Amino acid sequence: MGVTSLPYVGPGERVPRFPPTARCEYPRPGQSAWVTDEGSDHKTRVTVLVALAANLVIAVAKAIGGLAAGSPALLSEAAHSVADSLNEVFLLAALRRSRRPADRRHPFGYGKERFFWSLLAAVGIFVMGGCFSFFQGFEALASGSEETLGGYVAGLIVLGIALLAEGGSLLRALYQVRRQGGAGAGMRDPALRTVVAEDGTAVLGVTLAIVGMALHMVTGQVVWEASASLAIGALLVYVAFRLGRDARDQLIGEAADPESSGRIESLLRAQPEIDSVEALFTMKTGLDTALVAARVDLVPGLDSERVEEVAVRIKRSIARTVPEADQIFLDVTDRPAREAAESPAATGERGGA
């Protein structure tokens, strides 16, 4: 990358450090002047509420139908819908709590609340959905349960309605993903990602349950319906593992994406006052925020005022290059005098930017 393509902010230029979706408001006590735009969160909240309403209705219908028909696949799907309903409550809590402003106890804000509640949602899918589905499948294989014709019909009707409702909720979630930038940008939100995963899994799970009940009805063999219940359980465990792994990575301190880190490092190396970049650390602190810490060695001969001026300018350059970098720290390291005298900047091996 050529030096001329990198942004350079002069000492007198003012560059606001805030995400591209932010707006400026007069700050209340204890609140930053820059407040993240609530538009995307509002849309995500609507998507979660749509999914919650669909899952609550479907869970009740599946539970009543499963108990009346004695269908293990239908009861597994009822447990799946109950788990999804609880998870939607977790996600609503994540959307509300993650927007709290930074305070003395949490100086970097509460952005990681989204990741914590998404982890709880993954645990809920695993325990309430996957484990119960496995239990129903093994119990059906052991007991060889039978269903009446009326039970088959009632179960298939309930599953048909559930398929329509879950499909509608999935379409709503996919529509929001597309409006927020497609699979890449839209799926960064763990709440929206969880809703898409839940609804997609629900559609596939209902389809498996319908196939299992239909084959049970045709052949009279409960093994088909039990197998469908086991397949639903395996599907839920896999989805829970993937969601939980993503939330874990973000909770323990996942780095910013490589593209952003590369832009920051290239910008630092292009500054004429920086002799070398010793280390660069980034960490996501929320959905649209990141912490950046760089350890740099400056060229010899800069006085303290010049160092302060350079540091301010570089921070503003980073903020403009990577808008999500809302916390930027520069650590100026010292080299031994002999090593500094032999540096590329001192020997003239490197040109100015």
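Everything quoted here is computed from the prediction, not taken from an experiment.
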Student: Looking only at non-hydrogen atoms, find the nearest pair between Ala197 and Val239 and report the distance.
Tutor: CB-CG1, 4.0 Å
Student: Do Leu86 and Phe115 share a hydrophobic cluster (ILVMFWY, side-chain heavy atoms under 4.5 Å, transitive)?
Tutor: yes
Student: Using 30° and 60° as the class boundaries, would you call the ring planes of Phe135 and Phe132 parallel, tilted or perpendicular?
Tutor: tilted
Student: If you apply the rule side-chain contact (heavy atoms from CB on, under 4.5 Å), what do you find for Leu49 with Leu92, and how did you get there?
Tutor: CA-CA 8 Å; Leu49 288 173; Leu92 289 173; 3.8 Å; yes
Student: State, to 0.1 Å, how close Gly137 and Ala226 come at their nearest heavy-atom pair, and which atoms those are.
Tutor: O-CB, 3.5 Å
Student: Just so I know, are the side chains of Ile58 and Ile161 near enough to count as touching, which here means a heavy-atom distance under 4.5 Å?
Tutor: no
Student: So, Gln176 side chain and Arg172 main chain: donor-acceptor pair closer than 3.5 Å or not?
Tutor: no
Student: Step by step, would you call Leu91 with Val195 a side-chain contact (heavy atoms from CB on, under 4.5 Å)?
Tutor: CA-CA 9 Å; Leu91 298 180; Val195 172; 3.7 Å; yes
Student: Given 3.5 Å as the limit, does a donor-acceptor pair link the side chain of Arg245 with the main chain of Arg242, or not?
Tutor: no
Student: For Arg295, what residues pass the side chain to side chain donor-acceptor pair (under 3.5 Å) criterion, not counting sequence neighbours?
Tutor: Asp331
Student: Would you please name every residue forming a salt bridge (Lys or Arg N to Asp or Glu O under 4.0 Å) with Lys112, sequence neighbours left out?
Tutor: none
Student: Mind checking the CD-OG1 spacing from Glu166 to Thr207? Nearest 0.5 Å is all I need.
Tutor: 10.5 Å
Student: Does the side chain of Gln327 reach to within under 4.5 Å of the side chain of Pro107, using non-hydrogen atoms?
Tutor: no
Student: Of all heavy-atom pairs between Ala256 and Ser261, which one has the smallest distance, and what is that distance?
Tutor: O-OG, 3.8 Å
Student: Please evaluate residues Trp224 and Val218 with respect to the criterion side-chain contact (heavy atoms from CB on, under 4.5 Å), reporting the C-alpha separation (whole Å), side-chain torsions for both, the decisive distance (0.1 Å), and the verdict.
Tutor: CA-CA 10 Å; Trp224 293 108; Val218 172; over 6 Å; no
Student: Please lay out, stage by stage, how Val296 and Ser276 fare under the test side-chain contact (heavy atoms from CB on, under 4.5 Å).
Tutor: CA-CA 6 Å; Val296 299; Ser276 64; over 6 Å; no
Student: Using a 4.5 Å cut-off between side-chain heavy atoms of Ile, Leu, Val, Met, Phe, Trp and Tyr, which other residues end up in the same hydrophobic cluster as Leu291?
Tutor: Phe108, Phe329
Student: Flag yes if Ile274 and Ile264 sit in one hydrophobic cluster, no otherwise; membership is Ile, Leu, Val, Met, Phe, Trp, Tyr, and two members link when side-chain heavy atoms are under 4.5 Å apart.
Tutor: yes
Student: Are Leu268 and Leu298 linked, directly or through intermediate hydrophobic residues, by side-chain heavy-atom contacts shorter than 4.5 Å (ILVMFWY only)?
Tutor: yes
Student: What I'd like to find out is whether the side chain of Val292 reaches to under 4.5 Å of the side chain of Leu280, using heavy atoms alone.
Tutor: yes
Student: At their closest point, which heavy atom of Ala173 faces which heavy atom of Val196, and how far apart are they?
Tutor: CB-CG2, 3.8 Å
Student: Report yes if the side chains of Val322 and Thr282 come closer than 4.5 Å at any heavy-atom pair, otherwise no.
Tutor: no
Student: Rounded to the nearest 0.5 Å, what separates atom CD in Glu254 from atom CE in Met283?
Tutor: 11.0 Å
Student: Do the side chain of Ser229 and the main chain of Ser133 share a donor and acceptor less than 3.5 angstrom apart?
Tutor: yes
Student: Does either side chain, that of Glu324 or that of Ser260, offer a donor lying less than 3.5 Å from an acceptor on the other one?
Tutor: yes
Student: Within a strict 4.5 Å, meaning less than it, do heavy atoms of the Gln271 and Val310 side chains meet?
Tutor: no
Student: Just verifying a value: how many Å separate Leu267 CG and Thr321 OG1, rounded to the nearest 0.5 Å?
Tutor: 4.5 Å
Student: Are Asp199 and Ser169 close enough that a side-chain donor and a side-chain acceptor fall under 3.5 Å?
Tutor: yes
Student: Taking atom CZ of Phe90 and atom CG of Leu95, what is their separation to the nearest 0.5 Å?
Tutor: 14.0 Å
Student: Return the minimal non-hydrogen interatomic distance between Ala78 and Ala63, and the atom names on each side.
Tutor: CB-N, 3.6 Å
Student: Taking the side chain as every heavy atom from C-beta outward, state whether Glu273 and Arg306 have any pair of such atoms under 4.5 Å apart.
Tutor: yes
Student: Which heavy atom in Val299 sits nearest to a heavy atom in Pro272, and how many Å separate them?
Tutor: CG1-O, 3.6 Å
Student: Hey, could you give me the CG/CD1 distance between Leu159 and Ile210, rounded to the nearest 0.5 Å?
Tutor: 5.0 Å
Student: Hey, what do you get for CG (Leu208) to CG (Leu230), rounding to the nearest 0.5 Å?
Tutor: 11.0 Å
Student: Mind checking side chain to side chain donor-acceptor pair (under 3.5 Å) for Glu305 and listing every partner two or more places apart, or none if nothing turns up?
Tutor: none
Student: Ile232 and Phe138: same hydrophobic cluster, using ILVMFWY side-chain contacts below 4.5 Å?
Tutor: no
Student: Should Arg313 and Glu309 count as an ion pair when the cut-off is N to O under 4.0 Å?
Tutor: no
Student: Just so I know, are the side chains of Glu198 and Leu170 near enough to count as touching, which here means a heavy-atom distance under 4.5 Å?
Tutor: no
Student: In terms of hydrophobic clustering (I, L, V, M, F, W, Y; side-chain heavy atoms under 4.5 Å; direct or indirect links), are Leu141 and Leu215 co-clustered?
Tutor: yes
Student: Run the side-chain donor-acceptor check on residues 116-126: report pairs under 3.5 Å with partners two or more places apart or on a different chain.
Tutor:
unit_1, atom_1, unit_2, atom_2, d
Trp117, NE1, Glu113, OE1, 2.8
Ser118, OG, Arg114, O, 2.8

Student: Please enumerate all residues that pass side chain to side chain donor-acceptor pair (under 3.5 Å) together with Ser304, with sequence neighbours excluded.
Tutor: none
